[in-house]
Amino acid sequence: QVQLLESGGGLTQAGGSLRLSCAASGRIFSVYTWAWYRQVPGKQRDMVASITIDGFTNYSDSVKGRFSISRDNLSKMVILEMNSLKPEDTATYYCNANIQPTPWMTRGDYWGQGTQVTVSF
């Protein structure tokens, strides 16, 4: 069984920085794309940043230049460094990974439980 465990997040003032991490555990043959999403109550979950197995990154326009995503393939982790935070970054952040559990199983998407990020004025 694959599990994603997030850590980090919390409360900070505008202009501050936070670091989110997410570790995958369980039966894992390969982790393909990692991604971070965020969601505020009443709205859809939006992709914030993603990184492929080859290290190619993609960011939403709203965080480009402020957030940085990286991965540690050996530790099966992804990191999201968030700088110059704004109140509009306040949301629940979810880790997502496209994982192949074993060589004979198909790939699937897995989600973390979510971690709250709150940015005050």
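Quick caveat: nothing in here was measured; it's all calculated off a predicted structure.
Looking only at distances, a side-chain donor or acceptor of Arg71 sits under 3.5 Å from a matching main-chain atom of Val31. In terms of modelled atom types and a separation under 3.5 Å, the side chain of Thr52 and the main chain of Phe56 share a donor-acceptor contact. Using a distance-only test at 3.5 Å, with no hydrogens or angles considered, a donor-acceptor pair links the side chain of Arg66 to the main chain of Ser84. A donor-acceptor contact shorter than 3.5 Å is absent between the side chain of Ser75 and the backbone of Asp72. A donor-acceptor distance shorter than 3.5 angstrom exists from the side chain of Glu6 to the backbone of Cys95, with no hydrogens or angles considered.
Ser120 and Gln13 share no donor-acceptor pair across their side chains, judged by distance under 3.5 Å alone. Side-chain atoms of Ser17 and Asn83 form a donor-acceptor pair, as typed in the model, at a separation below 3.5 Å. A donor atom on one side chain and an acceptor atom on the other are found under 3.5 Å apart for Asp46 and Gln44. A donor-acceptor contact under 3.5 angstrom links the side chains of Tyr93 and Arg38, judged on distance only.
To the nearest 0.5 Å, atoms CH2 (Trp36) and CG (Leu80) are separated by 6.5 Å. Atom OG1 of Thr90 sits about 7.0 Å away from atom CD of Gln116, to the nearest 0.5 Å. Between atom OG1 of residue Thr118 and atom CG of residue Leu18 there is a gap of 9.0 Å, rounded to the nearest 0.5 Å. In this structure, the separation between OG1 on Thr57 and CD1 on Ile69 is 8.0 Å, given to the nearest 0.5 Å. To the nearest 0.5 Å, atoms SG (Cys22) and CD1 (Ile79) are separated by 9.0 Å. Separating the CG atom in Leu4 from the CD1 atom in Ile99 is a distance of 5.0 Å, to the nearest 0.5 Å.
Between Tyr59 and Ala49, the shortest heavy-atom distance links the atoms CD2-CB, 3.6 Å.
At least one side-chain heavy atom of Val48 sits under 4.5 Å from a side-chain heavy atom of Phe67.
Listed by chain and number, the residues in a salt bridge (Lys or Arg N to Asp or Glu O under 4.0 Å) with Lys64 are Asp61 (sequence neighbours excluded). In terms of the side chain to side chain contact (heavy atoms under 4.5 Å, CB included) criterion, residue partners of Ser7 (sequence neighbours excluded) are, by chain and number, Ser21.
Less than 6.0 angstrom separates the ring centroid of Trp111 from the ring centroid of Tyr37.
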